[in-house]
Amino acid sequence: MSESLPTRRAVSWLMHGIGNLAVVLVITFGGWYLLADPHVSPFDLYPLPFNAALFWALLFVVWSGFNLEFFGFDRLRQPLRGAAITASTAAFATGVTYAFAVGFGHLNADFTASREGGLGYFTAALFVLFAFSTWVLAVVNWSHWPWADLGLKQPLVGLCEIAFLMLPTVILYSVLGLPAVSSKTPGAPILGLNTLLGWYYSIIVAVVVTGLTMENWPWRQATGRGRTAFFSLVGNVGLGSVLYFALLGICKLIIGPDTVAALGDAIHQFPAQLGVCWVAWMIAWANAFGNKPTHLGRTANLAARLAITLTLGILTFITYYRFAAGTLLHEPVVAGNLHGNALGFMDWFALVTLLYVVGFDSYGLPKPAEKTTDPATAAKAPTAVPRQELSTSKGAEK
């Protein structure tokens, strides 16, 4: 009788995805009005420290869900598992935000909470921009190489990734990030803040596109997992740089010349604004909609996913800036008729998606027809990379 229950409650992948989207949107908007909305929320958190805590929350989900594959949490049954993941995420995000602003801020004024415009909160949280590339790359492009190849199991695989990638992440932050926001750095930074955000987030988009939506193509064509890791590292930097100019061109076309002129140098940040809309949909499409299609040939599958997620990302970008940010979310004007900052609200949407769809395993919704895994006994990885690839044995090649 227990084996037939999922079959009776099964729905199509599309209805399952729509159900997830509906729940996520209700939670996203409800949480926004409670915590962040500058007119409705009883708290004075917009845009900072809300955005700072949001970025740290996403990093916790990356560490606990991507790198550690929810080790420890996977022993809990739903909805306790989802509640534990969400509570841990909130505690980590709040604690780290407070520790930097109030604790470390006493030692370094760049991080203090009293810095004008909440810049101290942002200075610390900028670290997460670089963290998105290194620790996500290790999972969706490297498939836990080399730790899985050495025969390690969780949590050692995740802990090794977190520990060994900490140094390059700190170096990236220290060389590229901190000089762009520090009041103490002599001379000009390598990249201004707007260009840095736009270009580096485009690299993150490349990581997610190739690793999640494209199932690690084309990097998986390399022979050997070490070579796959190398080509994905170099290739994503190159692809991200190309995407920066492509997304910038799309943004300028959508925004229009008058508003582009009014934005000035800030326009160079907009590839990140469009990029986060695309990434949010790639996360939702992979986890809530099953990364469809999957029944066509490989090339057709990948091309269709790319077209679907990019189209949804562009439509979301237009809807957000032309309507939602000002009318629904009450965010202030940026330039012309543009309101808000998509790196805030769309990251909030992505976080809620990960917590509900992955952390809670879409608790309360009927499962899609092809889903056979028992959510009470197995954790759902926050990536569309097949599980067998995440635990490839030593010496195996894709």
Side-chain angles (χ1 to χ4, degrees), residues 5-32 58 61 65-66 70 78-79 81-82 85-86 136 140 205 208-215 274-298 300-320 324 342 345-376 378-387:
L5 181 58
T7 302
R8 290 203 306 267
R9 298 184 66 237
V11 295
S12 69
W13 66 267
L14 182 58
M15 292 306 299
H16 180 71
I18 293 173
N20 273 295
L21 181 60
V23 173
V24 167
L25 285 175
V26 169
I27 298 173
T28 299
F29 276 93
W32 177 268
L58 283 166
V61 173
F66 283 61
F70 288 132
Q78 295 290 14
R81 182 197 306 154
I85 292 170
T86 302
V136 174
V140 299
V205 173
V208 178
V209 167
T210 59
L212 192 61
T213 302
M214 308 290 284
E215 296 180 1
L274 176 54
V276 72
C277 296
W278 189 7
V279 167
W281 271 110
M282 284 190 282
I283 291 172
W285 197 256
N287 291 287
F289 291 86
N291 225 16
K292 301 295 182 178
T294 57
H295 65 287
L296 306 176
R298 175 171 295 257
N301 284 338
L302 302 186
R305 294 174 197 166
L306 188 65
I308 291 169
T309 55
L310 178 57
T311 299
L312 289 171
I314 292 174
L315 291 175
T316 299
F317 176 85
I318 295 172
T319 302
Y320 172 81
F345 181 78
M346 291 309 301
D347 270 333
W348 173 238
F349 170 84
L351 176 64
V352 173
T353 300
L354 287 169
L355 290 177
Y356 176 68
V357 180
V358 179
F360 279 93
D361 196 29
S362 305
Y363 183 76
L365 292 181
K367 302 304 177 187
E370 64 272 26
K371 185 177 178 65
T372 58
T373 303
D374 179 6
K380 180 181 180 182
T383 170
V385 177
R387 296 288 295 189

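Reckoned from all heavy atoms, side chains included, excluding hydrogens, waters and symmetry mates.
Side-chain contact between His16 and Val357: absent, with no pair of heavy atoms (C-beta onward) separated by less than 4.5 Å. Side-chain contact between Thr86 and Phe360 is present, with at least one heavy-atom pair separated by less than 4.5 Å. Counting only heavy atoms from C-beta outward, the side chains of Val140 and Met214 never approach each other to under 4.5 Å.
Ring planes of Trp32 and Phe345: perpendicular class, angle over 60° (limits at 30 and 60°). Aromatic ring pairs are classed by plane angle as parallel below 30°, tilted from 30° to 60° and perpendicular above 60°; the pair Trp13 and Trp285 is perpendicular.
With rounding to the nearest 0.5 Å, the separation of CG in Asn301 from CG in Asn291 is 9.0 Å. Rounded to the nearest 0.5 Å, atoms CG (Leu14) and CG (Leu21) are 10.5 Å apart. Rounding to the nearest 0.5 Å gives a distance of 10.0 Å between SG of Cys277 and CD1 of Ile318. Of the inter-residue distances, the one linking Ile314 atom CD1 with Thr309 atom OG1 reads 9.5 Å to the nearest 0.5 angstrom. Atoms CD1 and CZ, from Ile85 and Phe70 in turn, are 4.0 Å apart once rounded to the nearest 0.5 Å. The line from OG1 of Thr294 to CG of Leu296 is 8.0 Å long, rounded to the nearest 0.5 Å.
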One pair to check against side chain to side chain contact (heavy atoms under 4.5 Å, CB included): Val209 and Trp278. What are the steps and the verdict?
CA-CA 9 Å; Val209 167; Trp278 189 7; 3.7 Å; yes
Check step by step if side chain to side chain contact (heavy atoms under 4.5 Å, CB included) holds for Thr213 and Leu302.
CA-CA 7 Å; Thr213 302; Leu302 302 186; over 6 Å; no
Apply the test side chain to side chain contact (heavy atoms under 4.5 Å, CB included) to residues Thr353 and Asn287: give CA-CA distance (whole Å), side-chain angles for both, the deciding distance (0.1 Å), then the verdict.
CA-CA 9 Å; Thr353 300; Asn287 291 287; 5.5 Å; no
Test side chain to side chain contact (heavy atoms under 4.5 Å, CB included) on Leu365 and Met15 and set out the steps.
CA-CA 10 Å; Leu365 292 181; Met15 292 306 299; over 6 Å; no
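Here the closest non-hydrogen pair linking Ala280 and Met346 is CB-CE, 3.8 Å. Here the closest non-hydrogen pair linking Thr28 and Trp348 is O-NE1, 2.8 Å. Of all heavy-atom pairs between Val205 and Gly275, the closest is CG2-CA, 3.8 Å. Here the closest heavy-atom approach between residue Pro366 and residue Val11 is recorded as CB-CG1, 3.7 Å. Nearest heavy atoms, Ala342 versus Val276: O-CG1, 3.6 Å.
No close placement of the Phe29 and Phe349 rings is indicated, their centers lying 6.0 Å or farther apart.
Residue pairs meeting the salt bridge (charged side-chain N to carboxylate O under 4.0 Å, His left out) criterion with at least one member in residues 283-292, sequence neighbours excluded: Lys292-Glu370.
A donor-acceptor pair under 3.5 Å is absent between the side-chain atoms of Tyr356 and the main chain of Gly82, judged by distance alone.
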